[in-house]
Amino acid sequence: MKILTLWSLFSTYLLASSLNIENHAAQFFSSGHTNNWAVLVCTSRFWFNYRHVANTLSVYRSVKRLGIPDSHIVLMLADDMACNHRNPKPATVFSHKNMELNVYGDDVEVDYRGYEVTVENFLRVLTGRLPPSTPRSKRLLSDDRSNILIYLTGHGGNGFLKFQDSEEISNVELADAFEQMWQKRRYNELLFIIDTCQGASMYERFYSPNLMALASSQVGEDSLSHQPDLAIGVHLMDRYTFYLLEFLEDIHPASKTNMNDLFKVCPKSQCVSTPGHRTDLFLRDPGSVLITDFFGSVRKVEITMETINLTDPIEQVEQSPVNGELQKERNSYVDQLPVSEIIHQKPKQRDWHPPDGFILGLWTLILLVFFKTLAFQETAVGSKPPYRVQ
Amino acid sequence: MATTEVERRRGQLAALSIAAVVILIGVPLWWRTTETYRAWLPVSQIQELANLQLQLSADVEVVFARGTVTPEQQKKVPLTLTQDDEHVVDEDTALRYRYETRYRTATIMEEDALNQPTAAEADLSLHTLSESPCGSLVVYVIPESSSLLPEDVDVYVGQRRTALLRIGAQTRVGRTLEQLLSHLEPRVKQVLQVMSFSHTDITAALSDRVRLSPGNKESIADSMRAFKSSPGYEITFSLLNPDPKSHRLHWDIEGAVQTYIQPLLRKLAPLANFSIDSQTLYYAMLGVNPRFDSSRSAYTLNSDSLAHVINPVEARLGSNAASSNPVLNFLLYVPDAHHSPLHINDHKKQEVPSNAFHSPRWGGIMVYNVNDFYGPEAAFPVDINIDMAKVMGVFLAQLRLLLGVQSSAPPPRFLVAPCSSAGIADWELDRLMWSRSVENIATATTTITSLAQLLDQIGNIVINDNIAQQVSSAVTSLQLAVAELESGNLRFALQYSKEAILASERAFFDPSLLHLLYFPDDQKFAIYIPLFLPMCVPILLSLLKIVSDARQRRREKHAKAD
């Protein structure tokens with residue numbers, strides 16, 4: 001009897017432990033991604049669009065806190081608010097009124113700044129068609145096992161998003177860019193978040209698999225900003241991103257919150273606009289997708305079971321040189337500012353151009369006056385006109 | 001009156017000539033100046049390549065040792081046998097495996113070699129006799145009674161390209177040659193699957209092309225672990241010293257890399273270029289707090305917290321920012337004096353003997369405890385020389401896993417020879433070359449076909465000459481690679497497949513191929529109408545007037561005639 005209970009206990013324990021391991025393995029590899037990337041874009045410039053930069057920087061801060069390193073984040077800010085002349089608190093960008101939270105901080109790494117944020121550069125980053133001289137930090141080096149988070153904010157309309165107040169990206173172009181990314185297997189799963197007016201129109205045209213999209217407002221609605229700060233004088237955040245951030249502050253790298261909770265962020269009562277989402281192209285069920293699958297970077301880890309037994313001793317690296325003395329070369333720095341050359345500069349020989357502008361006008365006037373007086377003289381003397389009407 | 005007639009005639013002539021100029025010269029000129037330059041692409045060849053029919057050929061030589069076949073059977077042994085295995089993966093991809101088996105009996109020298117006491121020594125002396133070319137195998141069939149292999153092992157896989165196969169006992173009594181060959185065939189095929197290529201490996205290599213439904217967990221894990229094929233890799237070795245006040249660490253990384261890692265990388269040179277660098281980081285802590293385990297009087301990290309170790313460290317690792325090649329990071333962490341010794345526990349709360357873990361497609365971390373090197377009264381900082389052989393043993397094993405050299409566990413009753421000093425066996429290299437060639441070919445064909453499709457769909461993209469040239473060279477290399485694979489020249493197939501993938505990537509990612517502006521039709525009309533309409537309306541009206549005048553005159557003529 002005792003043996004039977006002992007044996008049943010033992011077998012249940014074995015079963016439980018094996019199930020545990022199985023569950024663990026299942027959870028570990030259920031998402032199918034090994035690294036995370038984030039592309040965060042703020043598309044508007046000018047001081048009164050402070051809130052868009054603050055939106056993007058807040059998402060950047062959350063994503064870094066949850067573990068994605070700077071080398072895997074492409075941050076594009078279209079204008080520099082921290083060092084703007086109108087910023088009463090230079091080198092800060094606040095996301096909460098009463099200046100509670102400075103999202104600019106000490107370790108912000110902006111990859112594309114100012115006028116580099118264009119539709120062309122954004123599409124080049126997504127599709128990977130960058131010139132060969134582009135440094136690694138400005139590239140999206142994702143592979144087929146990368147989960148990418150794309151966050152766009154700015155001013156938008158029905159089917160387009162405005163960049164820098166001078167050009168726009170349409171939803172068709174965005175959908176085509178994602179399709180090219182899919183063709184080249186540049187992502188495993190992609191989460192697209194957009195916080196603009198009529199944001200839902202931007203994800204209407206997606207047709208590639210494994211895309212999930214969230215927008216702050218439906219077609220025909222405007223996304224509204226949250227609260228102004230009277231000291232800084234502009235609105236600090238947009239409503240959707242503000243509540244999104246409140247939600248993300250509760251997430252830590254080991255949390256198990258899933259996407260269904262993210263869809264509930266900012267209901268109409270708080271946001272005034274109706275946030276929308278699109279999951280029909282996504283293969284997994286959103287309830288099984290963890291927030292940290294996109295916003296954080298939880299690495300898969302395996303224990304190394306095998307080692308190799310190395311028995312050869314280390315061979316010493318041979319010391320140079322052959323001859324007794326070391327050749328020493330004298331190196332010197334190039335003159336950074338050739339002062340003597342600048343001081344004793346001779347005036348440059350410039351190519352001759354025909355006179356233009358003022359000089360041309362002046363000469364024309366002089367010639368006109370000259371010929372007029374000549375004609376006047378001739379008529380005064382009484383010379384014959386060239387022809388006479390009969 | 002005549003003047004009005006003349007003027008009317010002149011007017012008609014003017015209108016007609018303007019219309020003629022517009023239609024004959026203007027329209028063609030506008031067409032030529034607004035068309036985009038599109039160089040010619042070999043579209044038909046690309047269509048052919050889209051339907052991928054790969055044939056992989058492997059040569060196997062089966063050598064019968066003394067005692068396996070009777071002398072009469074020896075004379076009747078067939079010379080060669082060719083077998084084809086066809087698999088259809090999906091509607092665009094089909095695979096065929098061709099096994100060319102040659103049978104012969106062992107020579108006197110091979111018999112001597114097989115008489116060695118252990119399998120490892122037999123393997124060694126068999127190498128000295130002959131060298132098999134890349135991609136081929138030799139299987140020595142030894143009798144049941146042979147003492148080379150231990151009791152529970154039927155197959156021994158050597159370090160080069162040889163395997164020793166023991167005949168089973170059930171085929172002893174009165175067997176014929178046909179029975180013997182039919183008994184051997186599945187076993188030889190099993191050996192081939194371990195040493196050359198197996199269907200699972202090849203289909204895993206085709207994952208770019210074919211999104212297969214996920215199989216069991218192990219196969220997913222295997223496919224996610226190794227880096228994808230790339231023209232180059234960067235390997236970085238980092239020594240993390242969080243406590244320089246207590247430990248002054250010395251590691252001979254240059255010598256260790258030269259002795260232990262370089263042989264492996266030299267052997268892998270046909271696959272990719274490798275660049276190695278190393279660094280030392282001070283005051284780099286792990287992001288996780290280890291727990292003190294009083295039963296073992298050591299600090300422990302359990303397996304759940306390992307996943308959070310990497311991120312805080314990764315932010316501080318520099319990288320060689322010059323190229324876009326994937327980076328493999330190997331970190332050696334020496335715990336600080338207050339948290340020594342530090343052990344890693346696995347899921348079952350047991351200590352891991354290697355004290356190391358790795359992350360798929362990232363790299364590996366090893367914890368090296370140094371508390372044994374000094375007593376409690378030592379004067380800090382203590383000079384410590386790190387035992388590089390032990391460290392490199394772990395890193396080499398992790399490197400093999402991450403590069404895809406290591407495969408899954410061998411089937412039962414197989415004994416695989418331990419790793420040589422080069423770090424990789426010849427048949428492992430062949431295996432890797434098969435899967436990388438297939439992967440390269442699959443990726444290159446997908447790239448080229450999707451590029452052709454993209455350029456076809458969007459009529460506004462300019463196709464420069466250099467892109468067309470890259471595409472043509474990619475197509476040529478692909479065709480050559482497929483042909484070489486068919487004939488079994490593995491090295492050439494790999495080389496051509498590498499060229500193909502380089503050319504296709506360069507063509508696909510060319511910066512000039514960005515289709516930036518999307519012109520909806522209403523915008524096109526809005527641009528052209530203000531230009532053409534004011535010009536066309538007077539011409540049209542005057543042409544209409546000419547026609548109506550001519551018709552009126554004809555009616556008058558008819559009226560006059562009547």
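Below, all heavy atoms of this structure are taken into account, side chains as well, without hydrogens, waters or symmetry copies. All figures in this text were calculated on a predicted structure; none of them were measured in a lab. Residue numbers start from 1 in every chain, and the chains themselves are labelled A, B, ... in the order their sequence lines are given, proteins ahead of strands.
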Between [X] and chain B, which part of the residue has a heavy atom less than 4.5 Å away: side chain, backbone, both or neither?
X: A:Ala254; value: both
X: A:Asp143; value: side chain
X: A:Leu141; value: side chain

Rounded to the nearest 0.5 Å, what's the gap from [atom1] on [X] to [atom2] on [Y]? Could you check?
X: A:Ile68; Y: B:Glu314; atom1: CD1; atom2: CD; result: 10.5 Å
X: A:Arg65; Y: B:Asn311; atom1: CZ; atom2: CG; result: 13.0 Å
X: B:Leu306; Y: A:Ile303; atom1: CG; atom2: CD1; result: 5.0 Å
X: A:Thr304; Y: B:Leu401; atom1: OG1; atom2: CG; result: 7.0 Å
X: A:Arg136; Y: B:Ser324; atom1: CZ; atom2: OG; result: 6.5 Å

Side chain to side chain contact (heavy atoms under 4.5 Å, CB included), paired with B:Arg361, selected from A:Arg145, A:Lys300, A:Arg299: A:Arg145
Cationic tip of A:Arg129 above B:Phe508 ring, under 6.0 Å, 45° of axis: yes
What part of [X] lies closer than 4.5 angstrom to a heavy atom of chain A: side chain, backbone, both or neither?
X: B:Asn325; result: backbone
X: B:Ile365; result: neither
X: B:Thr443; result: side chain
X: B:His308; result: side chain
X: B:Ile310; result: side chain
X: B:Val352; result: side chain

Smallest separation among heavy atoms of [X] and [Y], with atom names:
X: B:Ala397; Y: A:Thr307; result: CB-CA, 4.0 Å
X: A:Leu130; Y: B:Pro511; result: O-CG, 3.7 Å
X: B:Phe509; Y: A:Thr127; result: CE2-O, 3.1 Å

Note: vs chain B, highest number of non-hydrogen pairs under 4.5 angstrom among A:Arg124, A:Glu179, A:Gln183 is A:Arg124
Donor + acceptor pair across side chains of B:Ser450, A:Lys184 (<3.5 Å): no
State whether the number of non-hydrogen atoms from other residues, nucleotides or ligands found under 6.0 Å of A:Tyr207 atom OH is greater than 12. yes
salt_bridge(A:Glu306, B:Arg400) N-O dist < 4.0 Å: no
Between B:Lys228 and A:Asp144, is there a salt bridge with N-O shorter than 4.0 Å? yes
